[in-house]
Protein chains: 2
Amino acid sequence: MTETPHLTFDLEAPGVSTGHLVVPKGADCWALSLPVFNLNKGEGPRLLITGGCHGNELEGPIVARRLIEWLPEAQTCGRVIILPVLNPPAVQAWSRNTPIDGLNLNRVFPGRADGSVTERIADAVSRLLLPMADTVFDLHSGGPSWDLPPATTTHPIDDADLMAKTVKMAEAFKLPLTLVWEHSDTPGMFDTFAQGQGKVFICAEFGGGMVGSEALAIYEAGVRNGLVALGLVQGETDYPTFRRKKSSQTLETLASDKLKSPARGIFEPRCSVLDEVKQGDLIGILHQIESLSARSIDLRAPTTSIVCAIRSGLHVEGDEEVALLGRPLKR
Amino acid sequence: MTETPHLTFDLEAPGVSTGHLVVPKGADCWALSLPVFNLNKGEGPRLLITGGCHGNELEGPIVARRLIEWLPEAQTCGRVIILPVLNPPAVQAWSRNTPIDGLNLNRVFPGRADGSVTERIADAVSRLLLPMADTVFDLHSGGPSWDLPPATTTHPIDDADLMAKTVKMAEAFKLPLTLVWEHSDTPGMFDTFAQGQGKVFICAEFGGGMVGSEALAIYEAGVRNGLVALGLVQGETDYPTFRRKKSSQTLETLASDKLKSPARGIFEPRCSVLDEVKQGDLIGILHQIESLSARSIDLRAPTTSIVCAIRSGLHVEGDEEVALLGRPLKR
């Protein structure tokens, strides 16, 4: 086995091919073989679809598997590479971070060939798969402790042209929410690294909680809409039904829009995603669990806004984020 | 500090009183003080409500806090003791088992005074709170990786009279599902211990996944219905709306009704809770993540049945439970 990352098959072969992306062994673990699907129909858009970056967000890997069954009969041109599971050790452990080195794969891009396993995965993807694509769909989700509506997201991008192209692509998924998400912790993210190379990068942030059959159907419909908009597949696009509504909105949330817990305790959500709230409306309640005489603390909306994401009922620390509020994107 | 479990206040005082159940220190951790609410309105039913047995099932503690605010104006007779959080270390860690000793509190009853912290909690509850009640509502839920409809459950009980009383009480919650759940792993459960003393014990098994505002509203409505049926509170009961339906059914699931994964891989649910399935209908799909050429495995219903619970999409081991099927209870 060589000591550099490599693919076990030729991505230039026409038609469907499958094989593995081999991430070399290191001091901390054996080599990993990540299954890769490739469908090469010649000229056209070049798309990379990834799932399973965080091991407790399984919508992505499942929808990726469905696409692998569907694309051979649907794709009409271009190239689609699918890596359903970026981080198998995290998926097997159902943990956000890689259990072997404790790292968040979405904070170590472009990775290091001589780093720990998470960094070696990022390095292999950065070197061998990312250069083959102009567009990336990275299929995340809320994980078990955050509720989000089915959404596509991007962080703000300095390059105005790339930002406009990215928002347009994100909106083409026709999911209930397209979110421009200002984030203070972006170094090492897969999206910022790919955007630095001028690529359109769409991060899907669906669901949260149960990975159930209804959520998966909405998720898959959104990704199919994206494939149609990109021109890789022919067909009609439609707004998937979410909570009996067929509609979509584009919002932005700023770093200052994070609602944080004022103390440690159990957070009780009192509103749902996509609820419109006015200044002073109740978002949730913080219950201190050490005492029943300590009054619970109401968390209220600081301003008129729309709930983009809300924490599940669970124990939180003081100053931990419990909700993301937003408002229509100014263009 | 004494070395035996004790209450910091007198449960016989009339009206509302609050204080702590003190679980003595041991070699593994300091003494714990568990907040307790007590509302003593004299003659009448004697009810104990507990939540937070498993630390990643937070519906119970949150609904318990809501009841503590509501009962002082609503309760007309009898005694209600509420312990919102049985297992604070597990709740703080958002883990099913107690992180300190790795034990499942719902498998160590009646506990041991000289045991590890989980056993000491069970011992304190068994000695000091359980004897004060004839009925127990233990507020569990599905945790993040199982989906269940809002439900009350009981295991089969040998004593036919107690079984009938228990099912009647469980049905009085008017939740979408009342489930008689045959379970092979019952030693040390809180319910089997309490039932051995002739008490009516109702286990709520709600939701799964997100502890969100809608799930909490259904959960609270069910518990309020139970309080009305018990005669502690006056009022009307009603079927809470779940997925646009107001209805309820009583099912049983046998140990042999567990659908298990045939291999390790990612489980994709293909049906939802309360779906009626015929023999051969697709329940879910198992995707092996090591290879894209290995065919995914369809998991089908062995017989006509109703889906009582289904695993979230996540990585499972071979022979791990992925669904519970059931059918109408034979009486």
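This one's a predicted model, so the numbers in the text were calculated from it and none came from an experiment. Numbered from 1 within each chain, the chains take letters A, B, ... in sequence-line order.
- In this structure, the separation between CE on B/Met210 and CE on A/Met210 is 11.5 Å, given to the nearest 0.5 Å.
- The distance from the CZ atom of A/Phe267 to the CG atom of B/Leu58 is 11.5 Å, given to the nearest 0.5 Å.
- Contact tally against chain B (heavy-atom pairs below 4.5 Å) for A/Val273, A/Thr18, A/Val91: the top residue is A/Val91.
- A distance of 12.5 Å separates CZ of A/Phe37 from OG of B/Ser293, quoted to the nearest 0.5 Å.
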Start with the C-alpha distance between A/Leu314 and B/Val211, add both sets of side-chain angles, then the distance that settles side chain to side chain contact (heavy atoms under 4.5 Å, CB included), and finish with yes or no. CA-CA 8 Å; A/Leu314 82 175; B/Val211 182; over 6 Å; no
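- Environment of CH2 in A/Trp30: sparse, with no more than 12 heavy atoms of neighbouring residues, nucleotides or ligands closer than 6.0 Å.
- When the candidates A/His20, A/Arg311, A/Arg244 are compared by the number of heavy-atom contacts under 4.5 Å with chain B, A/Arg244 comes out ahead.
- For A/Arg270, the parts sitting under 4.5 Å from any heavy atom of chain B are the backbone and the side chain alike.
- Put simply, of B/Asp147, B/Asn56, B/Leu32, B/Ile310, the one with the most heavy-atom pairs under 4.5 Å next to chain A is B/Asp147.
- Both the backbone and the side chain of A/Glu290 come within less than 4.5 Å of a heavy atom of chain B.
- Contacts between A/Ala64 and chain B at a heavy-atom distance below 4.5 Å are absent for every atom of the residue.
- Between B/Leu292 and A/Ile68 the shortest side-chain heavy-atom distance falls below 4.5 Å.
- Atom NE2 in A/His287 sits 7.5 Å away from atom CZ in B/Arg66 (nearest 0.5 Å).
- Heavy-atom distances place the side chain of A/Leu216, and not its backbone, under 4.5 Å from chain B.
- Only the backbone of B/Ala294 comes within less than 4.5 Å of a heavy atom of chain A; no side-chain atom from C-beta onward does.
- Contacts with chain A were tallied for B/Val85, B/Val36, B/Ile289, B/Val316; B/Ile289 has the most, counting heavy-atom pairs under 4.5 Å.
- Distance check, rounded to the nearest 0.5 Å: NE2 of B/His315 to OG of A/Ser95 gives 12.0 Å.
- For chain B, no part of A/Ile285 is nearby; none of its heavy atoms comes within less than 4.5 Å.
- Proximity to chain B (any heavy atom under 4.5 Å) is shown, for A/Pro144, by both the backbone and the side chain.
- Heavy-atom neighbours of A/Arg243 CZ from other residues, nucleotides or ligands within 6.0 Å: above the threshold of 12.
- The residue among B/Glu59, B/Glu214, B/Glu57 with the most heavy atom pairs within less than 4.5 Å of chain A is B/Glu214.
- Per-residue counts of heavy-atom pairs under 4.5 Å with chain A were compared for B/Cys271, B/Gly284, B/Pro88; the largest is that of B/Cys271.
- Other residues, nucleotides and ligands contribute only 12 or fewer heavy atoms inside 6.0 Å of the CD atom of A/Glu276.
- Here the closest heavy-atom approach between residue A/Ser213 and residue B/Pro269 is recorded as CB-O, 3.6 Å.
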